[in-house]
Visitor: 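Below is the structure I would like to discuss, written out as structure tokens.
Any value given below was found using the heavy atoms of this structure, including those in side chains, with hydrogens, waters and symmetry copies removed. Quick note on labels: first sequence line is chain A, next is B, and so on, each numbered from 1.
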Amino acid sequence: MKSNIIPRMELLKASPYFSGLSITELEEVSRLLFERSYERDEIILAEGDETGALYFVASGAVKVFRASADGKEQILAIVLPEEAFNETPVFNGGINPASAQAMTPVVVYGLNSGDMEAVLRAKPQVAMNVIRIMAKKLRYLVSLVEELSFKRVISRIARILLDYAGDGAAAGMRLTQRDMAAMAGTAREVVGRSLKELVENGTIRMERHRIIISDRDALEDIAEQSF
Amino acid sequence: MENSMTPQINRDRCDGCGLCVMVCWLDGLVIINGVVAIVEGVECDWCTQCEAVCINEAITCPYEVILG
């Protein structure tokens, strides 16, 4: 089982933030890292707080999410070993734009924003890497904003459920949330939110491994909506 | 035989990383000989967290969609 903690140097070598650095340079960065451990469900960062550190996951999985005033949760990313989170306040200052919670026991390595800034000034290669990573994240978030604001995904999910539903006698095709995301051209996290919304408006019920269409006409209406 | 009441495992894809084991709040998964397995008798509640953390798509939680 490889749930062991990834050693600092191994993680830095694998991280796109530090690609192109020599072993000596990576060792310099490694000395700046601090380590923190969290229990499952523990909040690592709270939205609105000031933290000012970039975190790299050394073991476990971290959920990055925003919560609305009525308690709805939008998962922005699930961060896995070797990946990083909390970039925004490190490079932009200010408060954390999202919360981060341990989905498992988690170990992270942190790099304080002041130390990161010193690395960026001393090693332009890292600055180039950061630009690439930020551009990739921006691309993902722009597509997420589009999906959430124009609400097109829920119509597509409604259509997929109708198309793949069995009548109870003959079993319908079995679909994962990832399957539905691929079919709807969106992220798995957006599918989860759409299904939750369909449950809340009473068109479907979710009973463990079954999705039951309880109001077919209403689901058809949602599937037909164009925004 | 596949059990539709538990997540589906593709043994060839599993690299034994154990993230799914750690994320399962029912302690319903174990790594045996480097591959994930379902603990016998576990009543999976289909939270789908194991699927969400598996980068290899080795464990999946498919839904059967039916007209009510």
Side-chain angles (χ1 to χ4, degrees), chain A residues 1-4 6 40-41 57 59-63 75 77-83 102-106 157 160-180 182 187-189 191-192 195 203-216 219, chain B:
Chain A
M1 177 160 153
K2 284 194 284 175
S3 55
N4 305 332
I6 302 173
R40 182 194 294 177
D41 296 334
V57 178
S59 81
V62 173
K63 177 174 75 175
I75 297 176
I78 291 175
V79 190
L80 300 175
E82 295 181 359
E83 296 175 348
M103 297 173 75
T104 65
V106 163
I157 297 296
I160 290 165
L161 294 178
L162 289 162
D163 286 350
Y164 286 87
D167 58 8
M173 184 181 160
R174 301 188 74 200
L175 294 171
T176 66
Q177 290 191 36
R178 199 169 266 139
D179 293 332
M180 290 183 235
R188 187 183 181 281
E189 290 79 6
V191 172
L195 290 173
T203 49
I204 64 168
R205 295 197 312 275
M206 293 180 75
E207 293 177 1
R208 293 180 64 188
H209 67 295
R210 285 205 176 93
I211 295 174
I212 300 156
I213 297 173
S214 36
D215 188 340
R216 186 178 183 165
L219 196 62
Chain B
M1 199 175 106
E2 262 191 6
N3 179 354
S4 64
M5 299 291 280
T6 58
Q8 308 298 299
I9 291 169
N10 183 329
R11 293 174 55 87
D12 294 334
R13 288 188 171 196
C14 179
D15 64 6
C17 77
L19 276 178
C20 57
V21 175
M22 292 196 288
V23 83
C24 179
W25 70 283
L26 292 168
D27 295 328
L29 299 167
V30 285
I31 299 288
I32 298 172
N33 297 327
V35 176
V36 68
I38 312 269
V39 172
E40 201 170 326
V42 71
E43 293 218 8
C44 174
D45 69 349
W46 232 254
C47 72
T48 78
Q49 301 275 43
C50 54
E51 178 186 279
V53 299
C54 183
I55 200 166
N56 299 317
E57 296 183 38
I59 186 160
T60 55
C61 304
Y63 293 94
E64 184 185 352
V65 185
I66 55 175
L67 292 170

Visitor: Can you tell which of B:Thr48, B:Thr60, B:Val35, B:Asp45 has the highest number of heavy-atom pairs within less than 4.5 Å of chain A?
Guide: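 The answer is B:Thr48.
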Visitor: Do you know which of A:Ile212, A:Val79, A:Asp215 has the most heavy-atom pairs under 4.5 Å to chain B?
Guide: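 The option with the most such pairs is A:Ile212.
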Visitor: Any chance you could measure B:Cys54, atom SG, to A:Leu80, atom CG, to the nearest 0.5 Å?
Guide: 9.0 Å
Visitor: Considering non-hydrogen atoms only, spot the tightest contact between A:Ala61 and B:Val53 and give its length.
Guide: CB-CG1, 3.8 Å
Visitor: Atom CD1 in A:Ile213, atom CD1 in B:Ile66: separation rounded to 0.5 Å?
Guide: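 The CD1 atom of B:Ile66 is 9.0 Å from CD1 of A:Ile213, to the nearest 0.5 Å.
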Visitor: If you take all heavy atoms of B:Leu19 and A:Pro81, which pair is closest and at what distance?
Guide: CD1-CD, 3.7 Å
Visitor: Which bit of A:Leu161 comes within less than 4.5 Å of chain B, counting heavy atoms only: side chain, backbone, both or neither?
Guide: both
Visitor: Listed by chain and number, what are the side-chain contact (heavy atoms from CB on, under 4.5 Å) partners of B:Cys50, not counting sequence neighbours?
Guide: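 In terms of side-chain contact (heavy atoms from CB on, under 4.5 Å), with neighbours along the sequence ignored, B:Cys50 is linked to B:Pro7, B:Cys20, B:Val23, B:Leu29, B:Ile59, B:Cys61.
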Visitor: Do NZ/NE/NH1/NH2 and the carboxylate oxygens of B:Glu64 and A:Arg174 come within less than 4.0 Å?
Guide: no
Visitor: Hey, does the side chain of A:Arg40 reach the backbone of B:Met22 with a donor-acceptor pair shorter than 3.5 angstrom?
Guide: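 Confirmed, A:Arg40 side chain pairs with B:Met22 backbone.
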Visitor: Under a 4.5 Å cut-off applied to non-hydrogen side-chain atoms, are A:Leu175 and B:Pro62 in contact?
Guide: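 No, every pair of side-chain atoms sits at 4.5 Å or beyond.
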Visitor: Among pairs that include at least one residue of residues 49-59 of chain B, which meet side chain to side chain donor-acceptor pair (under 3.5 Å), considering only residues two or more places apart or in two chains?
Guide: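 Those involving residues 49-59 of chain B are A:Arg188-B:Glu51, B:Asp15-B:Asn56.
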Visitor: Between atom CD1 of A:Ile211 and atom OH of B:Tyr63, what is the distance when rounded to the nearest 0.5 Å?
Guide: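 Separation between the atoms: 6.0 Å.
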Visitor: Give, as side chain, backbone, both or neither, the part of B:Cys47 having an atom under 4.5 angstrom from any heavy atom of chain A.
Guide: neither
Visitor: Answer with side chain, backbone, both or neither: which region of A:Arg208 has an atom nearer than 4.5 Å to a non-hydrogen atom of chain B?
Guide: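 Answer is both: backbone and side chain atoms of A:Arg208 are under 4.5 Å from chain B.
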Visitor: So with a 6.0 Å cut-off around CG of B:Leu26, is the heavy-atom count from everything else above 12?
Guide: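 Check passes, neighbour count above 12.
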Visitor: Side chain, backbone, both or neither: which part of A:Gln177 has an atom under 4.5 Å from a heavy atom of chain B?
Guide: both
